[in-house]
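Basis for what follows: all heavy atoms, side chains included, without hydrogens, waters or symmetry-related copies. Start at 1 and go down the list; that is how both ligands and their atoms are numbered.
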Amino acid sequence: MVTNKALKIAVIGGDGTGPEVAAEGLKVLNAVSKLENFKYELEHYDFGGDRYLRTGEILPEGAVAELRTFDAIYLGAVGHPDVKPGILEKGLLLELRFQLDQYINLRPVQLFPGVETPLRDKGPKDIDFVVVRENTEDMYCGVGGFLKKHTADEVATQTAIYTRKGCERCIRWAFEFTRKRNNPKKMLTLVAKTNVLTYGHDLWWRTFQDVAKEYPDIKPDYNHVDACCMWMVKNPEYYDVIVTTNMFGDIITDLGGILQGGMGVAAGGNINPDPGGTSMYEPMGGSAPKYTGQNVINPMAAINALGMLLEHTGQPAAAARVNKAIRHVTGTKMKSQAAGKMGYSTQQVGDLVCEAL
Ligand code: IPM
Ligand code: MN
């Protein structure tokens, strides 16, 4: 990417506290763009629960085509207490992941200095790995249905779809990523359940073995997902990079999220790595409706997501600066990462990161 061209970012603040935390990320963007001397343009979109309740529409016609024209999407949070669970998740978040073919969900599990982890005797050196979650297949495809619904004989199916193309592109990206990450371990762990899912995860297993041959410098490793949960708690330092399926990736990254201090910190990127692809970066926390407008939610996850956005849109120096500033603030200023317990307001945390840049 040419760095003198303005970075075009679509902002979807979303529901609840989403817009508040996104605003702090954008504050950091403004500050770091001056220090690193790059230009950007923002376009705000009001997609989310409120708009849906007002208009009955989640993504208006043409919205996806418009979003495609941006270099990146920066998302606050989706989820509204007056909207039935599943509607916004499916209609907005999953819809964008699928339509924009963001086939990588990149979720670093990184304990920042000063942040409390529930793991006794583990510190920032021990908790530092990355989960590469496939983001377009599996049980998320919405394939299935009901038979004899609402009767005693009801049948429900929810089919996991795995394709050679889908797992291969994700596995190959994960090998490339492991190589670039260049951790001394140089190890990529496939996390699946080959002892039970003897068709779908056999496809993952065989594909992993095939692609591994192209990366002799990377150690290929395998864990069953249940064992992985145990190891993540007992020996998180074992891991370098994990590659896994959509559903398992969803579950183990919540476990990862709490190891790194919870939803106030954890961030992720929904990445379409293809040329011209539009990726979307988001804090992992939800919309926390009961805290809306109180200025108490930790924006660090949103700032962290902003750092990831910069890393992947041709601004690695700015990203490094943001990451360093986050570490400085968590390590020296904040009491806790929990809402209302930080010792600072949402906006003050954003200010502290800007000062530390
Ligand atoms: C996540 C979330 C989503 C998912 C939900 C909100 C659909 O849990 O980003 O991990 O399951 O992927
Ligand atoms: Mn999840």
Side-chain angles (χ1 to χ4, degrees), residues 12-18 21-22 25 47-50 52 58-59 64 72-110 129-144 158-162 166-167 170 191-192 225 228-229 232 242-272 278-289 297 300-302 304-306 308-309 312:
I12 306 175
D15 302 317
T17 55
V21 294
F47 306 147
D50 286 322
Y52 172 67
I58 301 179
L59 279 170
V64 175
I73 303 168
Y74 185 51
L75 179 71
V78 283
H80 195 292
D82 302 333
V83 181
K84 209 176 115 195
I87 306 258
L88 296 168
E89 290 86 344
K90 261 190 140 161
L92 186 61
L93 190 63
L94 299 181
E95 188 68 15
L96 289 178
R97 286 180 185 170
F98 290 159
Q99 290 233 38
L100 298 173
D101 206 17
Q102 294 163 340
Y103 58 87
I104 301 298
N105 194 328
L106 184 64
R107 297 189 158 179
V109 179
Q110 187 178 36
F129 61 95
V130 181
V131 178
V132 176
R133 166 187 173 190
E134 200 287 324
N135 213 27
T136 57
E137 301 198 331
D138 209 342
M139 278 180 276
Y140 279 78
C141 290
V143 172
Q158 191 93 44
T159 306
I161 304 284
Y162 304 107
C167 63
C170 175
V191 168
V225 65
C228 167
C229 291
M232 272 173 70
I242 288 174
V243 64
T244 190
T245 59
N246 203 348
M247 191 78 249
F248 289 171
D250 176 47
I251 298 165
I252 69 168
T253 54
D254 263 35
L255 178 54
I258 197 65
L259 299 188
Q260 68 180 120
M263 294 309 170
V265 192
N270 301 275
I271 299 177
N272 176 338
T278 299
S279 304
M280 175 166 73
Y281 300 84
E282 52 171 339
M284 264 174 64
S287 58
I297 290 284
M300 221 41 123
N304 194 4
L306 193 270
M308 289 183 76
L309 184 156
H312 292 268

- Message: I'd like to know if Arg97 and Glu282 make a salt bridge, using a cut-off of under 4.0 Å between side-chain N and carboxylate O.
- Response: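 Looking at Arg97 and Glu282, the cut-off is met.
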
- Nearest non-hydrogen partners of Met232 and Gly256, listed with the distance: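 Scanning both residues completely, I find the closest heavy atoms to be CE-N, 3.4 Å.
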
- Item | Side chain, backbone, both or neither: Met247 near ligand 1, heavy atoms under 4.0 Å |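 Neither; no heavy atom under 4.0 Å.
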
Of all the non-hydrogen atoms in the protein, which one sits nearest to [atom], and at what distance?
atom                    : value
atom 11 (O) of ligand 1 : Tyr140 OH, 2.6 Å
atom 6 (C) of ligand 1  : Glu89 CG, 3.5 Å
atom 10 (O) of ligand 1 : Asp250 OD1, 2.9 Å

- Task: Give the name of the N/O/S atom in Asp250 that lies closest to the Mn ion (ligand 2).
- Result: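 Of all N, O or S atoms in Asp250, the Mn ion (ligand 2) lies closest to OD1.
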
Look at the side chain of [X] and the backbone N and O of [Y], then say whether any donor-acceptor pair between them is shorter than 3.5 Å.
X      : Y      : result
Tyr74  : Ala302 : yes
Asp138 : Met247 : yes
Asp15  : Ser287 : no

- Item | Proximal atoms of ligand 1 relative to Arg97 (non-hydrogen, under 4.0 Å) |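 Those qualifying, in numeric order: 1 (C), 4 (C), 9 (O), 12 (O).
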
- Message: Distance under 4.0 Å to a non-hydrogen atom of Arg133: what atoms of ligand 1 satisfy this?
- Response: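 Ligand 1 atoms under the 4.0 Å threshold to Arg133: 1 (C), 4 (C), 10 (O), 11 (O), 12 (O).
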
- Message: Heavy atoms only: which of Met284, Met139, Arg107 lies closest to atom 1 (C) of ligand 1?
- Response: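 Nearest option to atom 1 (C) of ligand 1, by heavy atoms: Arg107.
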
- Query: Do Cys141 and Thr159 come within less than 4.5 Å of each other through their side chains, counting heavy atoms only?
  - Reply: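 No, too far: nothing below the 4.5 Å cut-off.
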
